[in-house]
Structure formats: structure tokens, C-alpha cells
Amino acid sequence: MRFVLGTILIVLAVAATRQEWFSGLDRFVYDSFIRHLNTPVADDILIVAIDAKSLTALGRWPFPRKMHAHLLDIIARGKPAVVGVDINFAEPDRQHPEDDQALVQATRNAQNTVYPVVLEQYSTGRELRESLPFPALRDAAAALGHVHVELEADGIARSAFLKAGLDRPVWPAFSLAMARVAGDWPRSRGFPESARTVIYRDLSQNVWRNHRQVLIPFPASGKDVDRVSYADVINGKVAPRRFQDKYVLVGATAAGLGDNIPTPVSANGRPVFGVEFNAWVLNALLQNRLIVPVAKPWQYAFNTVLVLIMLMLYQPRGWKWVYGIVLLLVIIPGLVYLLLAAFGYWYPPAVMLMSIVFFFLAANWHLLRKLLNVLFEERRLSQTALTAIGEAVVHLDGRGHIVKFNPIAEKFSGREAADVNGRPVDDVFHLYQPEGRAFLLGEQLSGNLHNFNRILLLKSADGKEYRVNVVLNKVSRSSGNNQTTVMVLTDVSKEHALASEVSHRKTHNVLTGLPNQGLMAQRLKDYMAKASARSSRLAVVYLDIDHFSKINEVRGIEVGNQLLQSAAGKLKEFLGDQVDVGHIGGDEFLLVLEEYKLDRSMDDMVGLIFALFARPLHIKGVGNMRVSVTLGVSLYPEHGNSPELLIGHASAAMHYGKAEGGGQIVYYESGMQDKATRMLEIESYLHHALDKGKLEVFYQPLIEASTLRITGVEALARLSSESGQPIPPEEFIDVAERSGLIVEMGYQQLHRACTQLEQWRKKGFPLRLSCNFSPRQMSSSQVMQKIHQIVEVTGFDPEYLDFEITENMLLSSTPQVEEVLEQVQAMGIGITIDDFGTGYSSMSYLTRFHFDRLKIDRSFVEELHKQEGSRAITSAIITMAHDLGLGVVAEGVETLEQYELLLSQGCDEIQGYYIGRPMRAELLQEYLVANDGYVRLPEQ
């Protein structure tokens, strides 16, 4: 009897182990144990997350590849151990090859970057392919690693494969590739760096092969890998030293971008993204904590030994042997947990436990009814996990009918789980494509669902709508055609709304909400087509608020913004739908008048627009404010047959009117384009110079008057035409101010100058750098962030930096001006009042703000040796400044007499053609070296 019972149990144990009959119970035991392992999180792993914050700050996905290249350059400066970029760059960017070159160069420079190998399915048919980085990037990478993850039958990912590949497992796992590049791959635990690849008897092609399975010890809830936002790195908010000796992974964590991978700890939080999954594999690998499944032959052997032990314990009579059986039920889970926690091996205990149960039942069949409750416990626990998970999880059978349904799925469908079990999935979940056509899941289930991931619109039975990310995974439950499909739905409605807002911002002015120039040009093209079809006319009106820059300087940026909003509101309120109104930048508006829509003549309507501003605009907190406007008008078809021509001619007419004093209506005429063309040419030169980094910076020396020692330089921008002809600064500075390019120009000039002066400091010439600080820069919301970034990247000491600002900027005295000045000075940057004596007569700001020095305007210096009054003024300014503890700089010094007079009056520093003209960096460097940092005065 014992022999027969033992033989039956051994055969059943071998069969159960081979067929994985009790895999559900094994998974439950493993999940319970893994949550108590308390796996530590390595502090040398760092995720750079492409999160919702990054999408808001940098625009919608995908980001330009030159941005990824910039990110790699920033990370590389921190000298990380390795960088893993979990982004698929399978195809070259045909439209922007220079972006690809930048990414390849950044990868090559880093020398330690790993890229993914992605398993994909061709759009036609079921053939698989390995998606590798495009060839140039592949050659530049330090290594490639696969990112393939397979879900188990219950839709949970517990393991990774250290080797995998199409037909042969030749690719290391992404995390393993990173560890190898960093040189930290542990050679213990039976996983050598290189090992013999398994031999497959099945030689069929186009099959994805997995090899060397390991289980991942995910950390308990509340633990997480250190991470920073992609946007913060790009915008300079993360210091490069943060990446020193780190294992850096770059990947998507924003909903709808990355893979949602359920794990054994998902019940305590959300499923992890692909980059997080790779981080956890790397975390376990670096700490030598990967869990090795015990091989099947060893399981057969241990199960056989267990059966023999039970047969030895069994006694036909009495109950003492039952105590031994019960003790085995306690000891085996303990030994399995000890083997897992202490030695890192996973032995599936279900077959052992069920062998004990079947042995006990065979010997005590009358206890069958009591033990049935244990057999059904697994289903209850599985349902508990589905209830706790944060996404909708739906299990479908091979026909696409619903088998399991968690509470989140009830919310999305608007139906109870009891009402939908056994029903086709398309009868319960009504999904639609973005364009509104119905999307049938049943049609998808009949094909290969590998990597199925779509954003769809879901309409529930209770009338609610959701934007959901639908992921389908087909899992073979056993041999044959017995398959189940796991469907996971994630609500991405908020992320979709955020993306729509970002898209709206790209076509509309953020301040006023009106269409920007790009959108107005698109609409104008449609309006022209309608006018041509109706043999009608239309007018393009270019509206500019007169003296707006002065309003900004005197009243402050906030008042200027409110003025623009008030003007936009007045235009929309009074013109209604008859006129399309756009805000194309700064204080400039574009209006399109379609003749057939107007209730009066176009000339009268243009006059009405002009007359609207005869009445004051109401500004909150300020009251009524009167402004005048200048209108430039072009007509279709008389003045052009393209949106660009009509807008350009209207702009030319407006600028002509501004040059004539403003406050008028000007219709375009031939010849007005010359001045506008010249401004556009200069603006084009500026754009080209800024885009290509070709803006020149000249340096004019500042000397200590008493010693002739060169104490600093003023950085001055210089611009040339395509032919190399210099453009006068007064011309291109005016264009830069009008177009807003002055902000970027200032940042590039500051960056280049800081880099140059840092080089001179290393050569023994620690000079102070003076740069003009324009009102446009002061009004920028990113001004301090940019200054911090430039100082950090160049390594320039802010104590040697000095910003020159005008009196008019100070007189606005807005909270923003005061805040920026305080932040600038908190960095140690000096402040100089430029052109002192030419501004508003009140000098109360000298007591309100802390300054470092005054710069006497050249108009006083020019008259020093001619008029007694000028000498008295400069003497008074110098005396007053010294009494206030300020240094004094005199600019425009062109003669020996002027220099000697200023020296006698106690002027601290001198600047001008007599001392030194503005010159290129290399010429000034030669001068510094030749004269040991001093100035030689011209011989008289």
C-alpha cells in the first residue's frame, strides 16, 4: 500500500512540477514573501524622468533629438558610471539630420551610453523584428541591451531575462549591459559575464528567445529610486555633480508615454514604468540580490525526497504521524522563505505543499470537505490583488469574453462585475479612436497582441468619458490553444488635457489668449481663398501701441501686460466676429477684415479701430490710461497675393507711420518697404547669428584712473551682414529690442563673455565683466534661472560680474524690478547705473537700492574741456557717489585733457577711445600679456 501510494504521489508531483498546475499558488506565496524582503535601494542609481512636468515645460513628446544630445552633454559633465537611455531611436530623423549628428556626437563623447533593443512586430503580418538604434548611434553606443518584459498568466511581471534575442538570445538585458559598461557586474551566483548559450531543439525562425531567467526583489511600498525631472536637468536646475559615479537611466514616466508594468508590489501603489522596471533590475543586480529559480531537475528530486519522508512518517493507525505532516506544512514555507531571503533562490513550494495535502487526504479522505476551503483561498487572494491595483484590469478568455473584472474596471465601464462576466468585451467597453470612429477590441484579439498600446476614448454606460491608455497582453496559460488576454486601462485624461493646453499655447499668445502670428497667417490664407472665390477684398491691419517700451520702463512690466490685455479685450468686445484679431508679439496686433462680413466700408472700419483708442483704457490698480496707436494697412489683392506679403506690407506701412511720429493710419505704398526690409534684414542677420552662435563680442577696457591698471572690460555685441559688413550697434540693438531678440542676445553675449574672462582669469588676469541689462531681460520670467545656469556652466565667479542698468528702468520701481535686483545682488553680482545724469530728475532710487557704482554719461565728458558747467557736474556726481559709498566710471573719454580732469576730480575708473577701443578677445589678450595688465597712454 505504501509503495503504491508513494509511486502515485511521485508521479503526480513530477507531472504537477512539469505542467505548473499550481503556479497560481506559487505566485501568491512568492508575492507574499517578496513584500517582506525589505530590499534596500541603492543610492547610486538615478532616474532622469520624462514626466508630466517635462511635457509642460518642454513641449509635447517626442522631444527633438538635439535636446537629448544636450541632456547627455550635461550628464556627461558629471562623470556618471554609465548612462542608460531607455528611448527607441530606431530610424534616422530625415528632416533634422543635424539633430541625429548631435545625438551621435554626444553619445560618442560620453563613451558610456547604453541604448535599448526593442522587440517589435511589423505593421503587416505577424513577423517580429529587433528594433535597434539607427546605425550611426548604434556604433557610438557603449553597449545595447534588450528591454523585453513578459507578464505571467496573472498579468504581473516578476522576472527578467539576462539574455534574449530573435532566434538566438544574444542581447544582454538593458540593466546587465549598463552594469557591464560600468564594470560592476558580479561574477558570483552562477551568472558569469559570458556563458554558453542554451541550445534549442526547436530551430524555427522568427521566434523571440529568452534565456537566464531571474526574479526581481522589488522593494517594499514607499521605497523608490532617486530621480530628477528631465526638464530640471535641461533647464539647469540640477547640478552636473549630481550624476557623479551614478548609474543614470533616462526614460518616460509620464502617463501615456511609458509602459505600465504591473509588479508584485503594485497592490501598494501604481504599476511601474519601463525605465523604473529596468532600475529595479539594476538595483538587484548591483547588490547581487537577483533571485534564481531552482531548476526543474532539483525540484523533481526534492519533491521525491519529501514523498519518501511522508511515507516514513505514515502509520495506518494512530494520529502521531499527523503531527509530523502538519509540522512539514509549517517547515517547508519557512525553509522556502529562508532559501529566498538568505541565499537568493526561489523554490516553488506549491507542489510540495499540495503533495502533503493530497497525501493527508488520501489517508484521511473524510477530511476532504474541511480542506476544500484551502483550495479556493488562492482565488480570493488573487481577487484581492486585482481590487487593490490602481488601474482597470480585465481578464479575457480566448473568445474575447470577460472572465475577471476589478473595481476600477467597473468605474470605467459604468457596470457591475456580476453583470458583465461572460459578455464580449466590446459590449461592455465602448472605445473610440480620436477622430470618433468606433474601435473594436474583438478584432484586435484575433491577431498578435505583442506591444499593443493605444490611447483611445472610452464612453461608459453612465455617460462619463475617459481618455484611456489601453494595453493588451496575450498569455499562454498552458500548452495548446488555452490562452487568456490581460487588458489594462489607465486614465490619462488629465495628461491629455495638459497636452491640449500646451498645443493651444503654441498657436495662441499666452498673455492675451489671442491667435499668434503663425495661426493668423494660416487663417489669412483661407480668407484670401474665400475672397478670391467671391471676387471680394480684404484688409490686413498691423496695429502697434505707440511708446509702449517707455510705458514698460516707467510704469513697469506688470502695468504693460495689463495694458496689452485691456487693448485685446477692447478689440474683441467692439469688433466681435466681423474682424479676426491676433496678438503677434509685444505690443503688436494683427487684424483681418473680410469685406463681405462688414456692416460698413473697410475704410470706415479701419477708422473705427483707430478711434477705439481715443478713449482711455482702464488698468486695474492704475486707473485710466491714454495711449495712441499706429495702424499699417495692406489690401488684397492690390498689395500682395500671399499672407507673408500682406503682413509684411502692413508692417512696413506701420513702421513708416511710426517713423513719421506715430498716432496715424498709413496705407501701404511702394517704397515703404525699404526701411522695413532693412529692419527685416537685420532681424534675419540677428536670427542667423543667434541660431549659429556667430554673434561677436568685443571688449572695451576699463582702467583704474590712478594706476592705469586694466580692472575690467565691458562686453559689447557686434553684428555683421552676410557679406561681412559691420552693422552699426544703434541699428541692430533697436531691432533686437523691437523683436524681443535682445533677451537671447544678452544671454549668449553673457555666456561667451563669462567663458572668455574665466580663461583670462586662469592666465592671471582677474578682470571684472560689465554687461548691459535690458528691460526685456528684466521682464523675462527665466532671467535668474538663465544667469544661474550661465555662471554654473562657465565656472565664472559672480563677484567679478557687473550689470549696467538705466535710470529709467529703476524709476519703474515695480516689485519685479526690485525682486530681480535683490536676487542679482544676492548672487554677488554688482549693479552699475548706466548713463547717469540723463534720466528723470528724481534720484530717490539712490537711497532705495544698493548700487556699486555710477557711470557718468559721455555727454558730460565730451564738454569737460569746453564748458565750466560740465566740469562742475562731473565733480558733483563724483563727490555725491563717493559720499554714498559708490565707485564712479566715466565713459566716452577720448582726450588726454578729459582723462587728466577726471583724474584730478577723483574719478575711479575710465573708459573710452583714448584708453582703448572695443576689440576682439584675441587682440585684447595680446595687449594684456604684452603690457602685463596695464594700459599705455597714447603719445602726445
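Only heavy atoms go into these numbers, but all of them, side chains included; no hydrogens, no water, no symmetry mates.
Closest heavy-atom contact between S904 and L901: OG-O, 2.6 Å. Closest non-hydrogen pair, I790 versus C754, comes out as CG2-SG, 4.3 Å.
Partners of F63 under the ring pair (Phe, Tyr, Trp, His ring centres under 6.0 Å) rule, at least two apart in sequence or in another chain, are W61, Y230. Applying the salt bridge (Lys or Arg N to Asp or Glu O under 4.0 Å) rule to D734 yields the partners R738; only residues at least two apart in sequence or on another chain are considered. Take D544 and apply the salt bridge (Lys or Arg N to Asp or Glu O under 4.0 Å) test, not counting sequence neighbours, and it matches K658. Applying the salt bridge (Lys or Arg N to Asp or Glu O under 4.0 Å) criterion to D908, with sequence neighbours excluded, gives no partner residue. The salt bridge (Lys or Arg N to Asp or Glu O under 4.0 Å) test applied to R768 returns E909, not counting sequence neighbours. Residues passing the side-chain contact (heavy atoms from CB on, under 4.5 Å) test with E863 are K866, Q867, S870, sequence neighbours excluded. The side-chain hydrogen bond (donor to acceptor under 3.5 Å, both in side chains) check on D100 picks up R65, with sequence neighbours excluded.
Residues F836 and I856 have side chains not in contact (no heavy-atom distance under 4.5 Å, counting atoms from C-beta outward). Looking at heavy atoms from C-beta onward, V889 lies out of side-chain contact with L854 at the 4.5 angstrom threshold.
For residues 822-831, the side-chain hydrogen bond (donor to acceptor under 3.5 Å, both in side chains) pairs, not counting sequence neighbours, are E819-Q823. Contacts classified as ring-ring contact (aromatic ring centres under 6.0 Å, His included) and involving residues 723-771 (residues at least two apart or in different chains) are given here: Y699-W760. A ring-ring contact (aromatic ring centres under 6.0 Å, His included) check over residues 768-804, counting only residues at least two apart or in different chains, returns the pairs F773-F803. Listed by first then second residue, pairs satisfying salt bridge (charged side-chain N to carboxylate O under 4.0 Å, His left out) with a partner in residues 791-803 read D802-R853, not counting sequence neighbours. Residues in residues 695-719 take part in these salt bridge (charged side-chain N to carboxylate O under 4.0 Å, His left out) pairs, two or more places apart or across chains: E696-R920, E704-R709, E714-K855.
N552 CG to N561 CG: the interatomic distance, rounded to the nearest 0.5 Å, is 7.0 Å. To the nearest 0.5 Å, the span separating CG on D834 from OG1 on T806 amounts to 7.5 Å.
Annotation: E722, atom CD; neighbour count of heavy atoms from other residues, nucleotides and ligands within 6.0 Å does not exceed 12.
With no hydrogens or angles considered, a side-chain donor-acceptor pair links S54 and S229 at under 3.5 Å. In summary, the side chains of Q789 and Q785 do not present any donor paired with an acceptor at a separation below 3.5 Å, with no hydrogens or angles considered. At a cut-off of 3.5 Å, with distance as the only test, no side-chain donor of S684 or H688 sits close to an acceptor on the other residue.
Here the rule is salt bridge (Lys or Arg N to Asp or Glu O under 4.0 Å) with R242, and of D43, D44, D226 only D226 fits it.
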Problem set entry | Test side-chain contact (heavy atoms from CB on, under 4.5 Å) applied to V233 and F243, step by step | CA-CA 11 Å; V233 178; F243 304 105; 3.9 Å; yes

